[in-house]
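One-based numbering, in listed order, for ligands and for the atoms of each. Computed from a predicted model, the values in this text were never measured in an experiment.
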Amino acid sequence: MFNFDKNNIMSHLIAPSLLSANFGNLQHDINMVNKSEADWFHLDVMDGVFVPNISFGIPVISAIKKLAKKPLDVHLMIVQPERYITDFKKAGADTLTVHYEAVTHLNRTIHAIKQEGMKAGVVLNPHTSIILLENIITEVDLVLLMSVNPGFGGQKFIENTYTKIEQLKELIIKKGSSALIEVDGGVNLDNASKLIQAGVDVLVAGNAIFKSANPSETIHSFKSL
Ligand code: DX5
Ligand code: ZN
């Protein structure tokens, strides 16, 4: 059910970010995503230390898991994420993504995530260079490129991301890696086509989906690009 093989992915995947959903009625928005053409749920965990904002954590993810009919793509914006790998597995994470900038022993952390039976991803902040992935790219299932400074939804897309996508694609090919490329932050219907053409496999979108007049129709538009 969880299609993660690059060769099997016919087109780009869409991962709506629940950070922009209505927290007063999450069930409504989860059902909308369930019924839509979206592929994954993108869940943003923020600790108020790694990023200047606090979102939600393990109990909320467990509650979402009970209602969600699609894989949970959990983006950890927390310090020392290695301390909580088992907890996020128990809560129902299918993919666990940690920030390069937050982890000292990245190789160990990536393998610990895989050991728990989850797909393992690494995230780069906008200023972090692709070249730093040279010695980890064959170990990860996913690279998430931040196209805004993490912490908040609704920010403006950073244009330099296109250059990073190009460099990442080159590195993936050079090293024979099967990592998916995911982009997060400021993604909308105006820049999504260019991102897909550049080689992005997974588009995360928060505001562009949940603040639109018809979220499920917007997801359809993203999938139709
Ligand atoms: C930002 C989060 C994003 C956020 C994206 O730190 O990682 O996932 O929800 O929101 P938009 O799509 O509104 O930029
Ligand atoms: Zn995110």
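Looking only at atom types and distance, the side chain of N22 has no donor-acceptor partner in the side chain of H28 under 3.5 Å away. Neither side chain, D73 nor H75, offers a donor N or O lying under 3.5 Å from an acceptor on the other. For the 3.5 Å distance criterion, the side chains of T95 and D141 fail to qualify, holding no donor opposite an acceptor.
Near ligand 1, heavy-atom contacts under 4.0 Å come from S17, L19, H42, D44, M46, H75, M77, M146, P150, G151, F152, G153, G154, D184, G185, G186, V204, A205, G206, N207.
Taking the charged nitrogens against the carboxylate oxygens, K174 and E134 do have a contact shorter than 4.0 Å, which makes a salt bridge. Using a cut-off of 4.0 Å between Lys/Arg side-chain N and Asp/Glu carboxylate O, D201 and K169 are scored as not salt-bridged.
Between the OD2 atom of D184 and the NE2 atom of H42, the angle centred on the Zn ion (ligand 2) amounts to 100° when rounded to 10°.
Using a 30° and 60° split on the angle between ring planes, F56 and F23 fall in the perpendicular class, above 60°.
The nearest N/O/S atom of H75 to the Zn ion (ligand 2) is ND1. Residue-level check: among N/O/S atoms of D44, OD1 sits closest to the Zn ion (ligand 2).
Grouping Ile, Leu, Val, Met, Phe, Trp and Tyr residues whose side-chain heavy atoms lie under 4.5 Å apart, directly or via other members, places V148 in a hydrophobic cluster with V123, L144, M146.
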